[in-house]
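Heads up: the structure comes next, in structure tokens.
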Amino acid sequence: MLGWFTQYFAGSDSRRRITPGPGETYDINRKPPPFGHPLKHYFALDDKYVNLNHGSYGSIPLPVIYAANLLAYEIDSNPDIFNRVAYKPRLVKSREAVAKLIGAEADEVVLVPNATHALNTIMRNFEWREGDLIIGATTTYGAVSNTIRYLTDRSEQPRPSMLTIVYNFPLTHAEIIELFRAKIQEAKQQHADIQFTDVPPLSPGYDTDPAEKKNKIVAVIDSITSNPGVLLPWKEMCRIAREEGVWTVIDAAHSIGQEQSINLSETKPDFWLSNCHKWLFAKRGCAVLYAPKRNQNIMKSSIPTSHEYVSPNGSKYAEVGTNFVKQHEWTGTTDETPYITVPTAIAFREWLGGEEAIYDYCHKLAMDGARRMAEVMGTKVLDESGELVATMSNVYLPLPTEKTPGEIYSPEVLAKISGLMMNKLLFEYNTYAGHFFHNGAWVSRCSAQVFNDISDFEYVGKVFNVICQEVKDTILRGICEEQQQQSGPSILNSPVEDDWVILADIDVES
Amino acid sequence: MPTPKHTPGPGETYDPTQPPPPFGHALKQYFAFKNDYINLNHGSYGSLPLPVVWASSQLAYEIESCPDIFHRLQYFEKLNKSRELLAKFVHADTDEVVLVGNATAALNTVLRNFEWREGDVIVLASTTYASAANTTRYLADRSEQPRPTIYTIEYEFPLTHAQVVDLFRSKLREVKQLHSNIQFTDVPPASTGFVDDVTMKKNKILAIVDAITANPGVLMPWQEMVRVAREEGVWTLVDGAHSIGQEPNINLSQARPDFYLSNAHKWLMGKRGCALLYVPQRNQYMIKSSVPTADEYCSPGTKAYEKRGTGFVTQHEYLGGSDVTPFLVIPEVFAFRQWLGGEEAINGYCSKLAVEGGKRLAEVMKTQVLDESGELTLNMPNVQLPLPVEKTPGELYPPELRTKINLFLQSKLLYDWKTYAAHYYHNGGFWCRCSAQVFNEVSDFEYLGRAFNALCQEVEATFLKSK
């Protein structure tokens, strides 16, 4: 059937075909160019643009863009054949390819538009009760903590409550684990009257009888946070959560294509999600949602609900349960090219040298690049040890640090500085790296990709020197002088983590 | 890497100063269909004009040359331009319209934002689109309280608009009678008896009203139904998935539904992945969160909420990483349709063809059109297939057999005959729903009729022979 279909599309309408431009195809029998600037040839990034921010929106390689554009013609040569027949087997191929990369079975993996969507699918499928707890962190991604907040904001019962772990980096993995464990225990103590007997299937005390399940605790754990961009000891945190009877939802948005040795069958999180359109080079609009078979009964409905929804009150439920995979096959008309071109992205990475080779290059560059940038700016890297670094690294910017919140930087000033940095980086200096305020200090987050080399980090360091000087000369002028009179320059000191708390919902006027 | 310079292929550009080819097969050059494919099913998945495909692929390169500049700065202006054009098209304020991925997503946004209580009622129809009905089923399937109850109006076409309105009104009143112990005091702001005081609002009734149903593909008297619902204190969610680009003169400021949605990627010829969700200002307090919840969620009790309430428009600006090109090529879509002659000319041609083509198809198959009066037909005629009609459900066609027949027809039509129109079982018989588009002509309907004649004979000989 599939062969016939391929033949059908390889037919005579060559006038619809677009011929590939430079960088849009490659000869798999020839070696690729070396990592670094020669690989810019295969990306659509403007030649002069120094991109150290792959982590935010991804960078789609030209071969993937080309494959997607070609596929668009195929789909529209007969939308009915594609949507009714050809699409499903090709979706299976994509799911299988992704499942292989993360040590999961294909039937535990579905594709959704993005990580936020995946997270919402999970969190909105739990049936929340009064007394349930959700544990987030101050470093949880904005949309994710908003989702949790939305669930707790229901104007009347039932609704869960939210607890937030405060992570002020730099922290070691050991410190993070301690904070995590302490928060779970604190939660149980503070709510000693609640029976947290709705534990995950692998936890001690698990009971299949619904009547025995009272309340639950769900922890949303980043594998790699966004700001700062750091790798957390999420596998260990999973293990602790399991011991404590706490459900784990792993927000691994940055992980696939960046983090090595992901083996979900081994680590056994309750749910896991990641964006293929970040570090895996897929076209934007593709993320993976993993739900192991033991937990698929919780995933009652895709979002949006689809034709394949199965009611627990109907006869089909005994046969197929919640029908997790089929529910997510088709959730209304959409452009399927991001899902279908995932194998193209993976194949391209294979050609470049494979996941390990890519990681080795990017990780080393992230470490070396951050050090070089810190040298150029006269500052320090956030993480000397490298424990927190996969292929993103964080470097302090040459701006004053504050010991108490608001001492130097009010929310309006923070917003002004952010705005100035963004505009200058993009429009005057033709570059970008993430930048944010954390734990009293300004930090830059750099993404080391296959098309970067160390000169990019040097350039960005020099650019930040100029920009930060301008910030000090303009926005911080009065404040800066006052600071210097009081306590002397404190640019080079790392902040001490216990001093203050960063509130998650500072209302920054923009 | 400099952006690859592709040259547009045939049909991917047009000279707006030159008149377009006439409606009919001459326009096929602007669509991507394989030459021999006779497409009478535009209604299911839409058809992208080649100029829109081209514009999207070029936009993709532009985005990739600097994703940060694009997403952080340029995107919002372009998004607002598209929203403006679509809002104008349906006579709504720009700030009452947001874009989401498809009609199902829009519907889920509304349904999942209601805080359902025990005693609440959702009224559907037997013709409600499957995933819409499933969404309400999912809400009602919550394993414990609170959850709404579902009622379904039976529509067996053909029906006149007057009959539809009557059935609708009757159901709403029946629901209230059946639940006379429940106080349905949570009425929409536009209804009499609306109170601001939250403590006075007990239960509510929501009706999902199709503007144009899918199977059969018929135009419903939705504006009248909205008026009836408003009188009865019932919330209306109008599923207009098929409407924009097919239904003329959609005026939401006049019709005043509580919620309205439509796919830009169907009859408007947009790129797949774009639908509009309309929520009038008076109801925006109900939409607490986009689905998924995103960066701009406004929590009640915060300063941001004081300033902008739920922030309906900003909430929907960015729902996570995605391909935004479907949202952003709307101007190109409108420009192309304008060049073809504009909405009136397009729908004038298509609706006339729908009637002529439907009639011709019925002649070829020696059957009948569903809608003799014309009241139910815009661009999609429904015609009976030459298969026996059963008087009681299951007499001839048990459910598994219906599925078998439909799969058989689908496969043969697409692969052997290289044509397609949707086909379905309704009210004892099998019907097809054709879509008359700017690239179709009557001969397409004749061809389809020949195909169905042959295939239905085969169905009778194989699947139905034991009967």
Side-chain angles (χ1 to χ4, degrees), chain A residues 13 15-16 18 21-24 40-41 43-47 49 53 57 60 65 69 72-73 76-81 83-84 113-114 116-117 120 127 142-143 146-147 149-150 153-155 275 277 284-285 300-301 303-307 309 311-313 331-335 338 426 432 507, chain B residues 1-6 9-10 32-35 37 41 44-45 48 53 57 60-61 64-69 71-72 101-105 108 115 130-131 134-135 137-138 141-143 265 272-273 288-289 291-295 297 299-300 302-304 319-323 326 410 414 420:
Chain A
D13 278 355
R15 67 189 173 119
R16 305 292 181 212
I18 41 173
E24 297 199 308
K40 288 170 81 162
H41 178 80
F43 289 84
L45 296 163
D46 188 272
D47 237 357
Y49 175 57
N53 194 36
Y57 303 105
I60 309 177
I65 299 182
N69 286 340
Y73 289 112
D76 269 276
S77 71
N78 191 322
D80 279 281
I81 284 191
N83 279 286
R84 291 169 192 271
N114 56 51
T116 310
H117 196 115
N120 270 255
E127 282 184 10
N146 280 347
T147 305
R149 174 75 45 79
Y150 162 71
D153 277 344
R154 194 176 199 276
S155 70
N275 273 326
H277 60 234
R284 249 169 251 113
K300 299 172 175 55
S301 169
I303 291 179
T305 312
S306 77
H307 285 68
Y309 170 72
S311 174
N313 302 314
T331 51
T333 300
T334 185
D335 176 17
L426 287 173
Y432 206 72
D507 214 334
Chain B
M1 188 65 229
T3 303
K5 289 229 175 323
H6 291 289
F33 309 124
K34 272 184 85 70
N35 268 332
Y37 177 52
N41 196 37
S44 280
Y45 304 106
L48 277 74
V53 178
S57 64
Y61 292 116
E64 293 314 307
S65 71
C66 184
D68 279 281
I69 285 190
H71 287 96
R72 291 171 195 273
N102 57 41
T104 316
N108 271 251
E115 282 182 8
S131 53
N134 281 348
T135 307
R137 175 75 41 77
Y138 159 72
D141 277 344
R142 195 176 197 276
S143 70
H265 57 234
R272 277 177 216 102
K288 299 168 176 55
S289 168
V291 179
T293 312
D295 286 325
Y297 170 70
S299 180
T302 56
K303 265 198 300 191
L319 302 182
S322 69
D323 177 16
Q410 176 179 287
L414 286 172
Y420 204 67

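On a predicted model such as this, the values are computed, not experimentally measured, just so you know.
Atoms OG and CG, on B:Ser289 and A:Asn120 in that order, are 7.0 Å from each other to the nearest 0.5 Å. A:Tyr57 contributes atom OH, which lies 11.5 Å from atom CD1 of B:Ile69 (distance to the nearest 0.5 angstrom). In this structure, the separation between CG on B:Asp68 and OH on A:Tyr49 is 4.0 Å, given to the nearest 0.5 Å. Within the model, atoms CD of B:Glu64 and CZ of A:Arg284 stand 4.0 Å from one another, a figure rounded to the nearest 0.5 Å. The OG1 atom of B:Thr104 lies 13.0 Å from the CD1 atom of A:Ile303; values are rounded to the nearest 0.5 Å. The OG1 atom of A:Thr305 sits 4.5 Å away from atom CG of B:Asn108, with the distance rounded to the nearest 0.5 Å.
Using a cutoff of 4.0 Å between basic side-chain nitrogens and carboxylate oxygens, B:Lys34 and A:Asp76 are not scored as salt-bridged.
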**Request:** Mind running side-chain contact (heavy atoms from CB on, under 4.5 Å) on A:Thr116 and B:Leu319 for me, showing each step along the way?
**Result:** CA-CA 7 Å; A:Thr116 310; B:Leu319 302 182; over 6 Å; no

**Message:** With side-chain contact (heavy atoms from CB on, under 4.5 Å) as the criterion, how do A:Ile81 and B:Gln410 come out once you've worked through the C-alpha distance, each side chain's angles and the decisive distance to 0.1 Å?
**Reply:** CA-CA 9 Å; A:Ile81 284 191; B:Gln410 176 179 287; over 6 Å; no

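For a residue to count as touching a neighbouring chain, one of its non-hydrogen atoms must lie under 4.5 Å from one of that chain's; by this rule A:His277 touches chain B with the side chain only. Residue contact with chain A, scored on non-hydrogen atoms closer than 4.5 Å, involves the side chain of B:Tyr420 exclusively. In this structure, chain B has heavy atoms under 4.5 Å from both the backbone and the side chain of A:Pro79.
Side chains of A:Thr334 and B:Asn102: a donor-acceptor N/O pair is absent below 3.5 angstrom, by distance only. Looking only at atom types and distance, the side chain of B:Asp295 has no donor-acceptor partner in the side chain of A:Asn146 under 3.5 Å away.
Annotation for A:Asn114 and B:Gly321: closest pair ND2-O, 2.9 Å, computed over non-hydrogen atoms. Across all non-hydrogen atoms, the minimal contact from B:Ala130 to A:His307 is CB-CD2, 3.5 Å. Across all non-hydrogen atoms, the minimal contact from A:Thr333 to B:Ser44 is OG1-O, 3.9 Å.
Annotation: side chain of A:Leu45 is not in contact with side chain of B:Cys66 (no heavy-atom distance under 4.5 Å). The shortest side-chain heavy-atom distance between A:Asn78 and B:Phe33 does not fall under the 4.5 Å cut-off.
Most heavy-atom pairs under 4.5 Å with chain B: of the set A:Thr331, A:Asp335, A:Asn83, A:Asn69, this distinction falls to A:Asn83. Of the listed residues A:Asn313, A:Asn275, A:Ile60, the one with more heavy-atom pairs under 4.5 angstrom with chain B than any other is A:Ile60. Contacts with chain B were tallied for A:Ser306, A:Ala72, A:Pro113; A:Ser306 has the most, counting heavy-atom pairs under 4.5 Å. When the candidates B:Arg72, B:Arg137, B:Lys288 are compared by the number of heavy-atom contacts under 4.5 Å with chain A, B:Arg72 comes out ahead. In terms of heavy-atom pairs under 4.5 Å with chain A, the best-connected choice from B:Ala60, B:Pro326, B:Gly101, B:Ala294 is B:Ala294.
In this structure, the side chain of A:Asp153 does not engage the main chain of B:Ser299 through any donor-acceptor pair within 3.5 Å. Side-chain atoms of B:Glu115 never come within 3.5 Å of backbone atoms of A:Arg154 as a donor-acceptor pair (strictly under, hydrogens ignored).
Partner of A:Tyr309 under the side chain to side chain donor-acceptor pair (under 3.5 Å) criterion, chosen from B:Asp141, B:Asn134, B:Thr135: B:Asp141.
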